[in-house]
Amino acid sequence: MEYLKGLNAPQKEAVEHTDGPLMIIAGAGSGKTRVLTYRIAHLIYSKGVDPFQILSLTFTNKAAAEMKHRIEKLIGLEARNTWMGTFHSTFAKILRVEAPKLGYTSNFTIYDTDDSKSLVRTIVKELRLDDKVYKPAAVLSRISGAKNRLISWEAYLEDPYIKADDEAAMKPRVGDIYKMYQQRLFRSGAMDFDDLLFNTNVLFRDHPDVLNKYQQRFRYVMVDEFQDTNLSQYLITKKLAAVHQNICVVGDDAQSIYAFRGADIQNILNFESDYPDLKVVKLEQNYRSTRHIVEAANSIIAKNKRQLDKHVWTANDKGDLVALMKASSDNEEGRLVATTIFEERNNKKLANSDFAILYRTNSQSRALEEALRKMNLPYKIVGGLSFYQRKEIKDLMAYLRFTVNSEDEEAFKRIINFPKRGIGDTSVEKIMVAAYEHDIPLWEVLSNASHFLSGRAANSTSDFATLIKSFRIEAERKDAYETAKKVAQQSGLLKELYEDKTIEGLNRYENVQELLNAIKEYVDNEENTDKSLGAFLQEIALLTDNDRDKDQSDAVTMMTIHASKGLEFKQVFVVGLEEDLFPSQMMMQSREDLEEERRLFYVATTRAMEKLYLTYALTRYRYGRLLQCEPSRFLDEIDPNCLQVSKRASTAPMGALRGEGLGSEGQNGYVGIKKKPLQRSGTTAKIHTPSPDFKPSNTQNLQEGDRVEHPKFGFGTVQKIEVEGLNRKASITFENFGEKTLLLSFAKLRIL
DNA sequence: TAATCATAGGTTTTT
DNA sequence: CCTATGATTA
């Protein structure tokens with residue numbers, strides 16, 4: 001047990017506690033990944049567990065790959081047999097096997113966000129609703145929120161609380177859209193990201209034999225970044241671990257930054273009540289950062305109320321103070337960052353890759369890029385506009401998708417008239433309507449085009465069908481690469497791009513080649529046993545840009561704070577610390593959650609090992625207009641003892657910074673005046689004001705007879721709890737509102 | 001049906 | 001600023 005020697009006491013404890021539920025609260029930089037990998041090694045070596053029986057779930061492919069890599073280094077090739085992957089990819093694979101049980105085929109398509117949005121848009125149009133009221137993104141986030149809480153469209157339409165909410169938002173038809181959305185997805189043989197998890201829950205609920213199979217298969221389940229799980233994910237892991245109870249979750253409530261996509265911090269805060277004999281281990285020693293950085297970070301989240309009790313500390317040196325830098329504009333900010341990197345790199349003999357620039361929104365990267373280019377500093381941007389979102393890539397992907405699944409409506413709409421083949425909007429409309437009215441598959445209509453269309457359109461459509469058919473035959477016989485190559489050529493896509501001799505055109509051509517290369521790589525990779533086009537498509541649907549980039553060149557890294565989680569750099573710049581930008585105005589208005597913004601800031605600062613810089617600008621361009629900005633409130637909240645106002649910045653005390661420079665240059669009324677968060681108007685006359693310390697509890701533990709508080713309906717008593725499908729419902733008599741039936745996964749209740 | 005032009009409207013974070 | 005949609009004309 002040589003490898004246990006380098007661990008501190010709690011780390012060792014976590015590694016050695018192999019059986020029974022375990023929760024590891026891992027502070028930033030506390031060696032979490034190390035503990036996880038050692039724990040797996042320990043399971044295999046000391047406990048003789050078959051690697052095949054260990055399942056590790058992460059949130060990003062990058063994290064999964066990193067862990068796999070480190071385990072392989074630790075214990076060798078045997079590590080290949082442990083299952084490591086993201087929630088989405090893991091359960092997509094399982095669903096691919098079990099899809100027929102849910103009425104899907106194994107070749108189901110995975111819709112990305114763009115496909116989903118487009119589908120919502122068409123449904124809104126079909127229902128003759130105003131797309132300014134029912135904005136696809138907003139509707140989708142509502143639907144997504146429901147799915148993450150396992151609320152089916154049937155349950156959604158029934159729930160009075162949801163109904164009241166939608167009506168208050170002046171969007172009473174969201175439920176109807178949800179219903180049609182799901183029906184269309186099913187018709188198209190498609191699932192969106194949330195469905196992968198939702199349907200896994202359905203699968204496990206309706207097919208106990210299947211559940212049992214995977215329960216036996218995965219005797220040890222580990223969840224990384226547990227604070228980011230949503231209810232749907234949580235219930236899957238809970239079910240998987242229900243028999244053996246060997247569930248180990250690792251997380252840090254202080255780094256929960258994904259509430260916007262359904263992550264529920266309550267999962268970690270209340271985990272203990274779900275597992276009474278839970279063992280909790282806290283990793284509180286930070287090995288990554290200097291003491292000044294650790295203390296500054298601690299002071300940032302000190303104000304948060306909803307958090308677990310822990311104290312992150314470090315034995316490292318104090319190091320430099322955190323540098324605060326003020327710039328007059330966003331361009332000036334870029335210059336300041338670039339020159340500082342340049343000087344530091346030369347003075348301290350650092351590599352470019354020792355530096356990272358973190359920002360709140362992707363759009364902030366422009367000014368910074370320009371400044372770095374001027375200083376000749378190489379940089380790379382992580383994330384941002386994804387490779388897979390480019391038009392030419394989506395076009396080829398759509399052809400491939402349609403080849404595999406000819407019911408995929410979104411793919412169909414993309415390629416039916418691209419390259420141009422004389423099938424205009426009206427013809428496309430006719431085809432879709434025909435499929436609908438006769439209730440026949442899309443493919444039926446296409447292959448009998450002459451029944452539904454006339455003249456030129458009919459001929460072109462028949463030709464299109466023949467073309468796709470030939471692709472399909474190819475796909476059945478050959479691997480993904482051979483097929484894709486043929487599709488790219490014969491669809492005319494490559495020709496179209498090749499003829500475009502502009503620089504962008506050239507780029508697009510190269511991008512398509514790169515996609516083909518990626519497919520070849522996939523086919524050549526020994527680990528991929530299924531080399532069919534269908535298998536490749538399901539894999540690639542869950543890839544993001546971050547996973548693709550294996551660029552090893554020495555460059556400054558630029559990315560959003562969200563993308564930076566789990567990484568570390570010697571020197572880190574957190575830029576754009578301005579009110580309304582960070583904390584984000586959107587977040588503050590729509591979710592009124594300042595705490596999550598604080599945690600985001602915490603994540604950003606704890607990426608730094610040796611030196612941390614915070615910068616802000618007094619003016620900034622947005623939509624081509626100059627805005628006035630104010631320093632972020634976070635700069636007031638941070639412990640001033642850790643701060644040093646840089647020589648370049650103002651030497652005025654923090655309080656005086658606020659408001660400085662305001663009012664002089666404002667034009668057209670676009671002055672960044674601090675806005676109070678919008679007060680959301682209530683629905684009815686009686687509005688309950690929640691108690692000041694209102695914290696929703698984990699309603700999984702709710703029992704009949706409990707007294708509860710609800711943010712809208714006030715106090716009440718639970719009458720009855722019943723299970724219906726995936727949902728648990730509670731009938732509650734509220735003092736001021738009478739009896740309501742609420743979906744427990746959705747209702748924000750506090751158990752008194 | 002395709003191509004061109006005008007204008008309106010939107011930007012948080014991601015599997 | 002950029003894109004995405006809509007109207008107009010060939």
Side-chain angles (χ1 to χ4, degrees), chain A residues 57-64 85-92 110-114 116-118 121 125 131-132 135-138 140-141 144 147-148 191-198 225 228-230 232-233 256-263 358-367 382-386 388-389 391 416-429 455-457 460 539-547 559-565 576 580-591 593 596-597 599-601 603-604 620-627:
Chain A
L57 295 167
T58 61
F59 276 83
T60 62
N61 297 294
K62 207 158 128 198
T86 65
F87 272 94
H88 293 269
S89 74
T90 297
F91 297 112
I110 300 172
Y111 272 11
D112 68 13
T113 315
D114 288 337
S116 300
K117 261 189 212 156
S118 155
R121 199 173 292 121
K125 223 174 266 170
D131 64 354
K132 283 173 192 82
K135 292 181 203 142
L140 213 48
S141 98
S144 173
K147 284 195 208 173
N148 288 332
M191 299 189 197
D192 66 12
F193 288 138
D194 303 314
D195 284 337
L196 295 174
L197 305 170
F198 188 97
E225 306 281 12
D228 292 334
T229 48
N230 57 41
S232 180
Q233 292 164 325
S256 161
I257 55 174
Y258 282 109
F260 70 89
R261 70 172 196 215
L358 308 181
Y359 34 78
R360 178 68 236 263
T361 67
N362 275 310
S363 57
Q364 287 169 259
S365 69
R366 278 176 181 273
V382 178
L385 262 183
S386 164
Y388 300 105
Q389 283 181 335
K391 212 176 262 149
I416 177 67
N417 199 28
F418 185 85
K420 297 264 149 59
R421 49 173 71 85
I423 307 172
D425 292 346
T426 23
S427 303
V428 175
E429 189 83 348
R456 203 177 51 175
S460 311
E539 176 110 350
I540 206 173
L542 300 168
L543 280 188
T544 60
D545 226 33
N546 300 356
D547 312 315
M559 61 190 144
T560 64
I561 300 168
H562 283 90
S564 78
K565 196 151 74 158
D580 286 355
L581 181 59
F582 192 19
S584 146
Q585 158 194 4
M586 272 264 174
M587 181 72 126
M588 307 287 297
Q589 281 182 10
S590 60
R591 310 216 10 268
D593 197 349
E596 178 151 319
E597 293 287 289
R599 294 193 292 268
L600 199 52
F601 190 30
V603 167
R620 182 174 294 280
Y621 276 95
R622 220 192 260 187
Y623 323 130
R625 281 196 196 271
L626 192 68
L627 302 189

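Only heavy atoms go into these numbers, but all of them, side chains included; no hydrogens, no water, no symmetry mates. Chain identifiers are assigned alphabetically (A, B, ...) following the order of the sequence lines, protein sequences preceding nucleic acid strands; residue numbering begins at 1 within each chain.
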Position toward the 5' end of DNA chain B (nearest nucleotide), A:Arg421 or A:His562:
A:Arg421
For A:His88 and A:Ser363, take the nucleotide of DNA chain B holding the closest heavy atom to each; which residue's nucleotide lies nearer the 5' end?
A:Ser363
Whole angstroms only, please: what is the [atom1]-[atom2] distance between [X] and [N]?
X: A:Lys62; N: B:dT15; atom1: NZ; atom2: P; result: 10 Å
X: A:Ile423; N: B:dA2; atom1: CD1; atom2: P; result: 9 Å
X: A:Leu543; N: B:dT14; atom1: CG; atom2: P; result: 16 Å
X: A:Lys117; N: B:dT14; atom1: NZ; atom2: P; result: 12 Å
X: A:Met191; N: B:dT15; atom1: CE; atom2: C1'; result: 16 Å
X: A:Asp114; N: B:dT14; atom1: CG; atom2: P; result: 14 Å
X: A:Leu140; N: B:dT13; atom1: CG; atom2: P; result: 16 Å
X: A:Lys147; N: B:dT15; atom1: NZ; atom2: C1'; result: 13 Å

Positive for side chain to side chain donor-acceptor pair (under 3.5 Å) with A:Ser144, one of A:Asp192, A:Thr113, A:Asn230, A:Asp194
A:Asp194
Could you tell me how the ring of A:His88 sits relative to the ring of A:Phe193: parallel (under 30°), tilted (30 to 60°) or perpendicular (over 60°)?
perpendicular
Would you please classify the geometry between the A:His562 ring and the A:Phe260 ring as parallel, tilted or perpendicular, with 30° and 60° separating the classes?
perpendicular
Would you say the base of B:dT1 and the side-chain of A:Arg456 have a donor-acceptor pair closer than 3.5 Å?
no
Less than 3.5 Å between a donor and an acceptor, one on the side chain of A:Arg261 and one on the base of B:dT15, is that the case here?
no
Quick one: do A:Glu429 and A:Thr426 satisfy side-chain hydrogen bond (donor to acceptor under 3.5 Å, both in side chains)? Show the steps, please.
CA-CA 5 Å; A:Glu429 189 83 348; A:Thr426 23; over 6 Å; no
Treating [X] as the side-chain partner and [Y] as the backbone partner, does any N or O pair qualify as donor plus acceptor under 3.5 Å?
X: A:Glu597; Y: A:Ser584; result: yes
X: A:Asn148; Y: A:Arg261; result: yes
X: A:Ser460; Y: A:Ile423; result: no
X: A:Arg121; Y: A:Pro136; result: no

Go through B:dT13, B:dG10, B:dT1 for me and flag the one nearest to the A:Asn362 side chain.
B:dT13
Which of these nucleotides, B:dT12, B:dT15, B:dT1, is closest to any side-chain atom of A:Thr60?
B:dT15
Do the side-chain N or O atoms of [X] get closer than 4.0 angstrom to the phosphate oxygens (OP1, OP2) of [N]?
X: A:Asn417; N: B:dA2; result: yes
X: A:Asn61; N: B:dT15; result: no
X: A:Thr560; N: B:dT14; result: yes

Heavy atoms only, 4.0 Å cut-off, all strands: where does [X] land among base, sugar-phosphate and nothing?
X: A:Tyr258; result: sugar-phosphate
X: A:Arg121; result: sugar-phosphate
X: A:Thr426; result: sugar-phosphate
X: A:Phe193; result: base

What's the gap between C:dA4 and B:dT13 when it is taken at their C1' atoms, as a whole Å value?
23 Å
For nucleotides 5-9 of chain B, tabulate all protein N/O to nucleotide N/O atom pairs closer than 3.5 Å, reporting atom names and distance.
none

If we require ring centres under 5.5 Å and near-parallel planes under 30°, does A:Phe260 stack on B:dT13?
yes
Can you establish whether the number of heavy atoms outside A:Tyr621 located under 6.0 Å from its atom OH is more than 12?
no
Ion pair present between A:Lys125 and A:Asp131, side-chain N to carboxylate O less than 4.0 angstrom?
no
Can you pull the contact range of chain A along DNA chain C, 5' to 3', using atoms under 4.0 angstrom from its heavy atoms?
C:dC1 to C:dT5
If the condition is side chain to side chain donor-acceptor pair (under 3.5 Å), which residues does A:Asn417 pass it with, not counting sequence neighbours?
none
